[in-house]
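Reviewing the structure listed below.
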There are 2 protein chains.
Amino acid sequence: MTESPNKRQKRTGDDEKYHLIYWPVGLNPTHQLINFSGEHIRLVLEEAGVSYTDTASLKDGIKQVTSHISASNDGDEGNPPPLAPPILQHGSLTLSQTPNILLYLGQQLGLASKEPNGLYQVNSLTLTALDGLSNEPHDVHHPVAVGLYYEDQKEEAKRKADDYRENRLPKFLGYFERVLEGPASKGGEYLYGGELTYADLVLFQTIDGVSFAFPKCVGKLKDSGKYSKTFALYDRVKERERIKAYLGSDRRQGYGMGIYRHYPELDDQ
Amino acid sequence: MTESPNKRQKRTGDDEKYHLIYWPVGLNPTHQLINFSGEHIRLVLEEAGVSYTDTASLKDGIKQVTSHISASNDGDEGNPPPLAPPILQHGSLTLSQTPNILLYLGQQLGLASKEPNGLYQVNSLTLTALDGLSNEPHDVHHPVAVGLYYEDQKEEAKRKADDYRENRLPKFLGYFERVLEGPASKGGEYLYGGELTYADLVLFQTIDGVSFAFPKCVGKLKDSGKYSKTFALYDRVKERERIKAYLGSDRRQGYGMGIYRHYPELDDQ
């Protein structure tokens with residue numbers, strides 16, 4: 001009964017370029033968050049060394065984003081409409097949802113595991129990193145409503161930030177430390193199977209984000225020595241040749257007002 | 001470069017039973033939420049008509065759950081430790097994360113689409129339904145901290161509930177209506193490709209959940225006629241032979257104190 005998804009897929013030519021559709025920095029007109037999710041997609045494309053376009057650097061980029069997510073777009077024969085960016089176009093395929101795009105690209109670009117059933121483990125680790133180190137940090141500064149400004153939910157944010165720093169962040173870092181200590185990591189350098197997968201890129205990016213948002217808290221957690229394998233993985237990814245070049249380029253964007261925001265009142269005092 | 005994940009997978013025999021590891025009703029000892037995510041897995045197994053075990057109905061079920069998520073479990077050669085249930089065991093494979101387990105089962109059981117690249121579209125629709133109609137309703141009654149009681153965050157919950165009912169719930173229902181109106185649904189009876197996939201089961205379950213939590217609000221939204229295809233899909237899934245039998249059985253659990261809770265003060269007044 002099991003069928004291979006790729007055998008069933010319409011192959012897009014290997015020469016088809018990848019197109020990332022995402023908010024240009026600071027240009028989201030709808031007062032919603034520019035949520036930095038596009039960055040996960042960029043890191044995978046950069047690590048793989050493939051050519052791609054990115055609406056974040058196009059003059060009319062914003063128009064492409066809004067036309068994709070317009071209420072008048074109901075998709076096409078093969079593609080339902082996307083609810084929100086990031087959106088990936090590759091040949092005739094239009095995909096949305098960050099972990100879904102990563103699942104596709106990971107297979108396309110050889111950044112999912114080659115281990116038996118490894119793809120599912122990489123997907124699971126990715127979903128967990130996004131839950132605890134991306135979605136939750138976002139909710140810290142927007143606990144009531146994504147459509148309201150931070151200033152209109154500051155009190156609630158303070159309470160949520162206390163819980164996040166004291167309970168949730170250590171819980172998730174402790175989980176990844178345990179994954180790296182476990183036998184399925186095959187040595188503890190990368191999360192799964194002894195080689196880099198896109199889950200490692202996601203973990204790198206999310207730790208980079210929480211370090212920006214909560215520098216004092218993350219500094220203390222790092223100094224505690226309890227999460228040494230996790231922070232070593234962060235350093236290891238950061239020093240990879242293509243990642244290092246990307247981080248030093250003008251394609252890498254600042255955090256701005258996205259998922260990861262640094263409000264000193266929400267960090268350790 | 002693209003490799004089939006299934007070709008790479010260690011095949012577990014077709015005769016291997018599926019084992020769902022999830023909190024027995026009312027027996028979660030850690031004051032965390034019994035979050036009803038296991039229900040998505042059950043619906044897929046029930047629709048497929050396969051045999052499975054479920055710790056929710058075992059006397060020592062709770063022990064199995066806590067041993068899997070214990071801080072002393074670091075997994076095995078092929079499987080990282082799970083952070084939280086639901087957990088699926090199938091042969092030597094141990095998987096966690098709801099959308100990830102659904103991705104695996106959908107392929108195993110013929111409930112992912114057979115369309116080219118359909119698997120990714122089904123995964124995307126599933127992630128969106130879980131985001132907006134499961135994670136967000138959960139956060140409505142726990143906006144500050146999952147480790148605190150609802151009674152300790154009632155004020156914040158009231159504000160978040162107002163936003164959820166006024167903005168977020170209509171946004172997500174409107175999105176799925178648009179998906180059903182679009183050509184990729186192939187007729188608007190099911191979300192993708194003209195046939196039932198696990199994304200339809202997830203949408204059914206999440207609408208059932210928000211209807212339980214916010215009956216007045218959902219009643220009004222239904223009566224508005226704006227989401228007629230979406231509510232028709234809900235009815236269509238509910239009437240499927242195996243789903244109907246399951247919903248009428250004692251295997252189907254009540255909502256209790258999980259993701260979906262009915263607090264009248266959080267509904268329309």
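Convention: sequence-line order gives letters A, B, ...; per-chain numbering from 1.
- Nearest heavy atoms, B/P80 versus A/L125: CG-CD1, 4.3 Å.
- In this structure, the portion of A/I69 lying under 4.5 Å from any heavy atom of chain B is its backbone and not its side chain.
- When every heavy atom of B/T94 is checked against every heavy atom of A/Q121, the shortest pair comes out as O-NE2, 3.0 Å.
- Heavy atoms of A/N100 lying under 4.5 Å from chain B belong to its backbone as well as its side chain.
- For a residue to count as touching a neighbouring chain, one of its non-hydrogen atoms must lie under 4.5 Å from one of that chain's; by this rule A/D162 does not touch chain B.
- Looking at A/N79, both its backbone and its side chain come within 4.5 Å of chain B, counting heavy atoms on both sides.
- Annotation: maximal heavy-atom pairing with chain B below 4.5 Å, among A/D131, A/L103, A/V140, A/L180, occurs at A/L103.
- By number of non-hydrogen pairs under 4.5 angstrom with chain A, the leading residue of B/K160, B/R178, B/E155 is B/R178.
- Interface residue A/F172: only side-chain heavy atoms are found under 4.5 Å from chain B.
- B/Y192 contributes a side-chain N or O that, together with a main-chain N or O of A/G78, makes up a donor-acceptor pair within less than 3.5 Å.
- With respect to A/R159 and B/E156, a salt bridge is recorded, a charged nitrogen being found less than 4.0 Å from a carboxylate O.
- When the candidates A/P143, A/G106, A/A84 are compared by the number of heavy-atom contacts under 4.5 Å with chain B, A/P143 comes out ahead.
- With respect to chain B, the highest number of heavy-atom pairs below 4.5 Å among A/G182, A/P183, A/G174 belongs to A/P183.
- For the options A/P99, A/P81, A/A145, heavy-atom pairs under 4.5 Å to chain B are most numerous at A/P81.
- Interface check for chain B: of the options A/N73, A/L127, A/L95, the most heavy-atom pairs under 4.5 Å are formed by A/L127.
- Proximity of a side-chain donor or acceptor of B/Y120 to a complementary backbone N or O of A/L93 within less than 3.5 Å is not detected.
- Rounding to the nearest 0.5 Å gives a distance of 8.5 Å between CG of B/D74 and OG of A/S185.
- Summarising the geometry of B/D139 relative to A/D139, their closest heavy-atom pair is OD2-OD2, 3.7 Å, with the distance given to 0.1 Å.
- A/L83 contributes atom CG, which lies 8.0 Å from atom CZ of B/F176 (distance to the nearest 0.5 angstrom).
- Of the listed residues B/T98, B/L191, B/N123, B/N167, the one with more heavy-atom pairs under 4.5 angstrom with chain A than any other is B/N123.
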